[in-house]
Structure formats: C-alpha cells, structure tokens
Amino acid sequence: MRQNMKFNFIWLCLGLFISCERAPFYEESGSVFHTLYHIKYQSNKLLTDKIDAELQKFSLSLNPFNPNSVISKVNRNEDIEVDDWFITVFNKAMEVSERSGGAFDVTVSPLINLWGFGFRNADSVSQAKIDSIMAFVGYRKIRLDGRRVIKDDPRVELNFSAIAKGFASDVIAALLEREGVENYMVEIGGEVAVKGKNARGGCWTIGINKPEDDSTGISNDIIDNTLKLCEKSGLATSGNYRNYYVRDGKKYSHTIDSNTGYPSQNSLLSATIIAPDCMTADAYATAFMAMGIEAACKMAEGLPEIDYLLIYSEEREFKLRIKN
C-alpha cells in the first residue's frame with residue numbers, strides 16, 4: 001500500500017512538472033476604447049471570458065466614450081462616488097502633473113475640442129477663444145474629497161486618454177497574475193505591460209517606430225534600438241511625427257500645452273518610457289512630449305524608477321537620447 005502511494009505521488013509530481021513546462025501560450029486580440037489590444041500569456045487554461053469581463057468592467061469606470069462610465073458621469077457633474085480604479089488613475093495624474101509643472105494635465109479636453117481632431121479647427125482658433133477656455137483648464141481646479149470629485153468650475157472636464165490605456169494594461173496584467181500567469185505581454189493601444197519570458201524563453205522584445213514625416217501612418221519602419229524587457233515593467237510611447245499640422249512654416253504637435261493652450265512645439269519626435277507599471281510610463285511619455293527634451297530629461301533626473309528612449313530632430317537629422 002505504501003509503495004503504491006509513493007508511486008502515485010511521483011507520477012503526480014511529474015505530471016504537474018510536465019503541465020507547468022508545457023503550458024501553451026495563448027494570444028488574444030480585439031478592440032476596446034476605440035483602440036486595438038493584443039495579449040500573449042502562458043497558461044493551462046484559456047482566459048478569454050475573464051479578460052473580456054475585466055475590460056467591460058474597466059469601460060464602466062474610465063471609458064469616456066461610454067455614457068454610463070464613472071468618468072462620463074463626473075464630466076456631466078452627476079453626484080456620484082467614484083471607484084477605486086478612478087481614484088488610482090486620478091492620483092497618478094495629479095502626481096505627474098505636479099512633477100511636470102502642469103505639462104501633463106488631464107483637464108485639457110476643452111482645448112483639444114477647440115483645436116479639433118487632427119487640428120481641423122486650427123484656422124478658427126483665436127487667442128480670445130483660448131483665454132476663455134483656459135479659465136476652467138488646469139489640474140489644480142479639480143480634486144478628490146474621499147470618493148467625490150470637487151471642481152472649482154463645473155465646466156472642468158477630465159480626459160484620461162493619456163494614462164488610461166496604460167492603466168488598462170496594468171489591470172489586465174493583474175488579472176493574469178491572479179490567475180497564476182507568470183509569463184505575459186499585454187498591449188493596449190501601444191501601451192505595454194510585461195512579465196517573465198516570451199514563448200521562446202527569452203526577454204520580451206519591443207520595437208519602436210522610426211519617425212517619418214508620414215501623417216498617413218503607412219510607414220512602420222522600426223529603429224535599430226529594439227528594447228528587451230526582462231523584468232516586470234510597463235512601456236509606453238508617445239509621438240508627434242504622425243499627428244501634427246503646419247502653420248506659418250512651423251510644425252505643431254498633437255500634444256496640447258495646458259500652460260499656453262497651444263499645441264506643443266519642440267524638437268522631440270517620440271518619447272518611449274519604461275517604468276515599473278504601464279500607467280506611469282503612459283503618463284510620463286505624454287509629459288515628455290509636452291515639455292520638450294531638455295526640460296523632460298531634467299525632470300527625469302528625479303525619477304530613478306523610469307528609463308527612456310527619446311527620438312528628436314536636430315539639423316534635419318534624427319537623434320537618440322537614452323537613459324537606462
């Protein structure tokens with residue numbers, strides 16, 4: 001009897017070992033928040049339903065295109081208590097706004113609407129219109145009191161587009177970890193959260209697009225400096241080179257400078273940030289683009305937890321600046 005028990009135990013352990021070693025990698029893809037997502041993970045079971053449920057739950061919290069979401073209700077000034085996800089994103093947004101001197105600001109939505117998607121309204125924008133909107137734009141004009149949002153002006157609106165996709169990647173990464181997944185890559189709208197190894201047993205490799213004066217987005221060449229992520233981390237890239245307009249011979253980016261009300265103008269073409277989590281990387285990638293290379297690098301000196309790869313133009317040449 002004892003021999004049989006020992007024999008069965010050995011086979012049980014061996015079976016568990018084989019199961020862990022041979023767990024397949026699954027791939028999920030779809031769309032959420034008007035953007036695409038791709039997820040790769042190693043697991044003994046398919047997690048499609050749980051991933052879909054988590055994304056739907058996230059949509060009810062932070063999706064500005066969902067009229068029933070928490071953020072939509074806040075923007076309509078409904079008397080509601082916000083959830084934990086909203087609080088997490090809000091607090092991180094305020095932290096990055098403070099560190100960047102307001103270059104990152106989640107209240108710029110009215111200015112974005114003024115300029116129009118793709119700057120289609122650029123010819124009709126005047127200083128008077130900007131001044132009238134700047135009266136209710138600014139991260140210091142909104143705050144949390146417990147679970148309630150307090151606005152200095154009811155016209156203040158929140159736009160988490162520069163941080164929410166990164167946080168969504170973190171949320172799905174946390175779900176995978178709760179399900180026992182040790183090796184994964186979650187990418188939502190270009191914002192990436194990774195842990196462990198890829199299907200070949202190596203580090204996760206992320207390519208960075210080479211800047212091109214190509215507003216169509218057709219050109220997708222990758223720079224030589226691909227990034228290898230071998231530890232749990234988040235990565236986000238923000239770039240100006242495919243979303244800009246030219247006025248009086250000057251190129252203006254899609255990033256709105258909340259301190260001036262105008263699109264940012266600087267030599268920085270692309271900012272890729274690596275941070276302990278994707279939400280942080282997402283926010284600082286946008287902050288870098290708004291600040292410009294020198295101010296952003298100076299800010300980063302006080303942020304030992306982040307690394308960056310910056311692409312900028314100088315005398316019509318593309319150059320890199322890297323911190324790792």
Side-chain angles (χ1 to χ4, degrees), residues 8-66 68-71 83-86 88-89 160-161 163-208 220 222 226-237 274-282:
N8 290 336
F9 177 73
I10 291 173
W11 274 103
L12 175 61
C13 291
L14 181 59
L16 288 174
F17 175 76
I18 292 173
S19 175
C20 290
E21 287 296 302
R22 295 184 178 177
F25 270 82
Y26 293 104
E27 296 190 21
E28 312 273 357
S29 61
S31 61
V32 64
F33 331 131
H34 293 189
T35 192
L36 300 177
Y37 69 83
H38 300 88
I39 303 168
K40 298 179 181 181
Y41 59 96
Q42 186 180 32
S43 175
N44 286 309
K45 56 185 177 180
L46 195 60
L47 299 172
T48 306
D49 291 344
K50 291 186 177 182
I51 291 171
D52 287 345
E54 198 77 344
L55 289 173
Q56 290 301 316
K57 179 181 174 183
F58 191 90
S59 178
L60 284 172
S61 175
L62 294 168
N63 185 357
F65 306 108
N66 186 337
N68 297 315
S69 69
V70 172
I71 190 171
D83 59 18
D84 289 343
W85 283 348
F86 184 101
T88 297
V89 172
F160 286 158
S161 62
I163 190 173
K165 292 194 299 294
F167 184 58
S169 295
D170 291 333
V171 165
I172 298 303
L175 166 67
L176 295 177
E177 292 187 26
R178 291 197 302 271
E179 295 295 324
V181 175
E182 294 293 330
N183 302 304
Y184 61 75
M185 180 186 73
V186 181
E187 180 261 315
I188 300 179
E191 324 307 354
V192 182
V194 303
K195 183 182 179 183
K197 305 295 184 180
N198 60 26
R200 296 182 300 277
C203 299
W204 295 99
T205 302
I206 311 296
I208 306 300
N220 283 296
I222 303 298
T226 55
L227 303 177
K228 293 184 181 298
L229 303 181
C230 301
E231 299 178 358
K232 181 178 178 180
S233 56
L235 177 148
T237 298
I274 301 173
D277 59 87
C278 195
M279 173 177 61
T280 298
D282 198 5

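Computed over heavy atoms, backbone and side chain alike; hydrogens, waters and symmetry mates excluded. All values reported here derive from a predicted model rather than from experimental measurement.
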(message) Run the side-chain hydrogen bond (donor to acceptor under 3.5 Å, both in side chains) test against Glu179 and tell me which residues pass, sequence neighbours left out.
(response) Lys45, Lys50

(message) The criterion is side-chain hydrogen bond (donor to acceptor under 3.5 Å, both in side chains); which residues satisfy it with Asp277, sequence neighbours excluded?
(response) Thr280

(request) Apply side chain to side chain contact (heavy atoms under 4.5 Å, CB included) to the pair Phe86 and Ile71, showing each step before the final yes or no. (result) CA-CA 8 Å; Phe86 184 101; Ile71 190 171; 4.2 Å; yes

(message) Are more than 12 heavy atoms, taken from residues, nucleotides or ligands other than Lys40, located less than 6.0 Å from that residue's NZ atom?
(response) no

(request) Please round to the nearest 0.5 Å and tell me the distance separating atom CG of Leu229 and atom CG of Leu235. (result) 5.5 Å

(message) So, taking the atom named CZ in Phe58 and the one named CZ in Phe167, what distance separates them when rounded to the nearest 0.5 Å?
(response) 6.0 Å

(request) Write down the atom of Ile188, the atom of Lys165, and the distance for their closest heavy-atom approach. (result) O-CB, 3.9 Å

(message) Test of understanding: with side-chain hydrogen bond (donor to acceptor under 3.5 Å, both in side chains), list the residues that count as partners of Arg200, not counting sequence neighbours.
(response) none

(request) Show your reasoning for whether side chain to side chain contact (heavy atoms under 4.5 Å, CB included) applies to Met185 and Asn198. (result) CA-CA 8 Å; Met185 180 186 73; Asn198 60 26; over 6 Å; no

(message) Tell me the closest heavy-atom pair linking Ala193 and Ser169, and the distance in Å.
(response) CB-O, 3.9 Å

(message) How long is the straight-line distance from CD1 of Ile51 back to CG of Leu46, given to the nearest 0.5 Å?
(response) 8.0 Å

(message) If you count every heavy atom of other residues, nucleotides or ligands that lies below 6.0 Å from Glu231 atom CD, does the total exceed 12?
(response) no

(request) Work out which heavy atom in Phe25 is nearest to a heavy atom in Asn183; give both atom names and the distance. (result) CZ-CB, 3.9 Å

(request) Check whether any side-chain N or O of Asn63 sits under 3.5 Å from a backbone N or O of Phe33 as a donor-acceptor pair, and report yes or no. (result) no

(request) Give the minimum heavy-atom separation between Glu191 and Ala236, together with the two atoms involved. (result) OE1-CB, 3.0 Å

(request) Determine, for Trp85 and Lys57, whether the Lys NZ or Arg CZ falls below 6.0 Å from the six-membered ring centre while staying within 45 degrees of the axis. (result) yes

(request) Report the distance from atom NZ of Lys232 to atom OH of Tyr184, rounding to the nearest 0.5 Å. (result) 4.5 Å

(message) Let me confirm one number: the OG1-CE distance from Thr88 to Met279, rounded to the nearest 0.5 Å.
(response) 6.5 Å

(request) Quick one: pull up CD in Glu182 and CD in Glu177 and give me the separation to the nearest 0.5 Å. (result) 7.0 Å

(request) Would you confirm whether Tyr41, through its side chain, and Leu47, through its main-chain N or O, come within 3.5 Å as a donor-acceptor pair? (result) yes

(message) Show the nearest heavy-atom pair for residues Asp52 and Tyr37, with the distance to one decimal.
(response) OD1-OH, 3.6 Å

(message) Can a donor-acceptor pair be found, under 3.5 Å and without considering hydrogens, that links the side chain of Ser59 to the backbone of Leu55?
(response) no

(request) With the side chain counted from C-beta on, respond yes when Leu62 and Ser69 share a heavy-atom pair under 4.5 Å apart, and no when they do not. (result) no

